[in-house]
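Predicted model, so just to flag it, every value in this text is computed and none were measured.
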Amino acid sequence: MSGEIESVMQESRIFPVPEAFVAQANVSGMEAYQALCAEAQRDHGAFWARMAHENLIWKKPFTRSLDESNAPFYQWFADGELNASFNCLDRHLGTPTEHKTAILFEADNGDVTQITYAELYARVCQFANGLKSLGYQTGERAIIYMPMSIEAVVAMQACARLGITHSVVFGGFSAKSLQERIVDVGATLVIAADGQYRGGKAIPLKPAVDEAFALGGCEQVRHVIVYRRTGGEIAFEPGRDVWMHELVEAQAPICNAVWVGAEHPLFVLYTSGSTGKPKGVQHATGGYLLHAMLTMQWTFDIKPHDVFWCTADVGWVTGHTYVAYGPLAVGATQIIFEGVPTFPNAGRFWATIQKHQCSIFYTAPTAIRALIKACDAAPETHPSKYDLSSLRLLGSVGEPINPEAWIWYHQQVGQSRCPIVDTFWQTETGGHMITPLPGATPLVPGSCTLPLPGIDAAIVDEAGIELPNGQGGILVVRKPWPSMIRTIWGDPDRFRKAYFPDELKGFYLAGDGAVRNRVTGYFTITGRIDDVLNVSGHRMGTMEIESALVANPLVAEAAVVGRPDDTTGEAIVAFVVLKQSAPAGDDARRIATDLRNWVGKEIGPIAKPKDIRFGDNLPKTRSGKIMRRLLRSLAKGDEITQDTSTLENPGILEQLKQTV
């Protein structure tokens, strides 16, 4: 079978970089971008060495940039020593940034807490001293199971300060998921909260920790530190459980950072694996932090006066790189938001931008599409009802953004003046890989445009041969980069097979399909390789069919999967959320026919869905990720065996079983 994936979408709209943005940009103009790329191409190791020397503070400077002797287990700056927390906090002491607001915390109920860099430094030091008083030291592992809060960042930074490797578990995950991660990473410490607030409701968290312990295998955990957020009644085990506020109240506000090697594991973050067993993605301290800083400067064009808001939870990699580490390392003021975008109404994001004069806003296409639908239903929550004049840059993360959502985001939120950085990256890459630079790159809706300087991305077939522009194939990265995954925790063989398969000549396998534009060379992600559909011998990415559906004025959101078909090999099944309520009966049949014809007109008859199902929403985790494995099971009529405890809306599964 050929590695080529047919690309059927043609996007011709180009949005030039605003001249005013170019004039002030950190990477100003295409020539500046090309000069950085040329420097990296001339000497890959020297380029990254220069970046590391200029951006990071080293206790012991490194003498070697890249060590490839044990590929693909690459090492960067390995003989250097530094500390991530020192680079995020101590570096600002004695500078004007010390008294600048580090975090604007917006609680679920709208209460706001501000904290300066000096105050954040003191709180991190107090918590680190508390951990030391309990006997924790460099090399141990901590699980962090907390809601979005200043305290979650304090916990992550305090672990980094002591060289304790942290593994953050999203607060929506079940007790079983938590227990699996405690066991796999060998955690000796759990840092949790009694509960969290979401949409006006107090949701318990600590009971899930107790349940995880009851499942067994957690005997090595010596303490559970509990942040009191909701004040709800919880079980408390003397000797093991410790209140966070009691632990820190007598601690000194100064704690020396522990210097660690650049390859010391800063964190392990678990991501879903195709086998169902979570993969512990291990990231190193030096290379990861460098990429977090550079992308804050390059992609987000960060300036001292900016108010930066990444809406991602710290339980995901986006909340690591662009909440807990990147913004602090560059001395930015950032918003941290506890709530959900639809509480108390669907204007919450826009009200928060207005309230805090946010200038850089970074969110997921899933949230954008949901808010498009919500604004249509409740016009008073439309972005035009709010003062968004403080915005100067928008960002998109988590999945490719379909062109129609891009246009709405650009026109309605950015008022047609804010560039959009559509960022392609993964848990495994540590930071942005392919993304527009807002002061250099003309924008095309739905395209993540060009790789960052020093990132050698290419599109190849299944034998690793580069394909010409215009032909879709497999996205790879041909050279190592500093923030890349180092291994899968405790499973190096799985790491090698998953990311560096022999047939791809040692290239990093991103797991996504992509195509480059014949004229511009811009990259467009066509979907996960395992989401490529083979219909009558035509290989198509699901993303393109989804984008065609969402371009229809009736459609708010769509997800496409395949199911086996005796005639075509695979049949296309589309799960569709309309801007109105889900239709039934003759209405559903009529709209389904119209949508099939629409896709046939937009792409071609081969892409027409065989089965269209309507729902009031799609099955998503509480972070907004569509659970496509569930959709594949529904499409095939299989019994649902996956864990559905993390679903925001479990009841939707019955609705989506119904075929039109």
For residues [X] and [Y], determine if any side-chain heavy atom of one lies less than 4.5 Å from a side-chain heavy atom of the other.
X: I434; Y: L475; answer: yes
X: W316; Y: V168; answer: no
X: V307; Y: L104; answer: yes
X: S149; Y: I336; answer: no
X: L294; Y: W48; answer: yes
X: M433; Y: V477; answer: yes
X: Y499; Y: I488; answer: yes
X: L290; Y: S483; answer: no

- Have a look at R486 and tell me which of Q282, E263, E428, Q75 forms a side chain to side chain donor-acceptor pair (under 3.5 Å) with it. E263
- Item | Member of D90, N83, N256 meeting the side chain to side chain donor-acceptor pair (under 3.5 Å) criterion with R161 | D90
Tell me if a side-chain donor or acceptor on [X] pairs with a main-chain N or O of [Y] at a distance below 3.5 Å.
X: T138; Y: L162; answer: yes
X: N129; Y: C125; answer: yes
X: D512; Y: I525; answer: no
X: T423; Y: S396; answer: yes
X: T285; Y: H264; answer: yes

- Should E338 and R229 count as an ion pair when the cut-off is N to O under 4.0 Å? yes
- Any salt bridge between D210 and K206, counting N to O under 4.0 Å? yes
- R141 to F267 six-membered ring, cation-pi geometry met (6.0 Å, 45°): no
- Passes ring-ring contact (aromatic ring centres under 6.0 Å, His included), Y508 versus W481? Steps please. CA-CA 10 Å; Y508 169 82; W481 67 100; 5.2 Å; yes
- Aromatic plane relationship, F170 with F173 - under 30° parallel, 30 to 60° tilted, over 60° perpendicular: perpendicular
- Query: Please walk me through it: do F86 and W259 pass ring-ring contact (aromatic ring centres under 6.0 Å, His included)?
  - Reply: CA-CA 9 Å; F86 187 96; W259 305 107; 5.0 Å; yes
When the ring centroid of [X] is compared with that of [Y], is the distance short of 6.0 Å?
X: F105; Y: W309; result: no
X: H53; Y: F62; result: yes
X: W489; Y: Y270; result: no
X: F300; Y: Y362; result: yes
X: F308; Y: Y322; result: no

- Task: Check Y288, Y325, W76 against H283 for a ring-ring contact (aromatic ring centres under 6.0 Å, His included) and give me the one that passes.
- Result: Y288
- Item | Worked check of salt bridge (Lys or Arg N to Asp or Glu O under 4.0 Å) between E106 and R348 | CA-CA 11 Å; E106 167 106 6; R348 183 66 183 272; 3.1 Å; yes
- Verdict with supporting geometry, L205 and D194, side-chain contact (heavy atoms from CB on, under 4.5 Å): CA-CA 5 Å; L205 281 181; D194 58 352; over 6 Å; no
- Task: Please report the shortest heavy-atom distance between P265 and T165, naming the atom on each side.
- Result: O-OG1, 2.7 Å
- For F337 and F349, run side-chain contact (heavy atoms from CB on, under 4.5 Å): C-alpha distance rounded to whole Å, both residues' side-chain angles, the deciding distance at 0.1 Å, then the answer. CA-CA 10 Å; F337 175 58; F349 273 1; 3.9 Å; yes
- Message: Exactly one of V224, I182, V209 should register a side-chain contact (heavy atoms from CB on, under 4.5 Å) with Y145. Which one does?
- Response: V209
- Message: Before you tell me yes or no, could you show the steps for L120 and L328 under side-chain contact (heavy atoms from CB on, under 4.5 Å), namely the whole-Å CA-CA distance, both residues' side-chain angles and the distance that decides it to 0.1 Å?
- Response: CA-CA 10 Å; L120 182 60; L328 298 178; 3.9 Å; yes
- Query: Would T299 and H432 count as having a side-chain donor-acceptor pair, cut-off 3.5 Å?
  - Reply: yes
- Task: List the steps, then state whether side-chain contact (heavy atoms from CB on, under 4.5 Å) holds for Y117 with T101.
- Result: CA-CA 6 Å; Y117 273 89; T101 298; over 6 Å; no
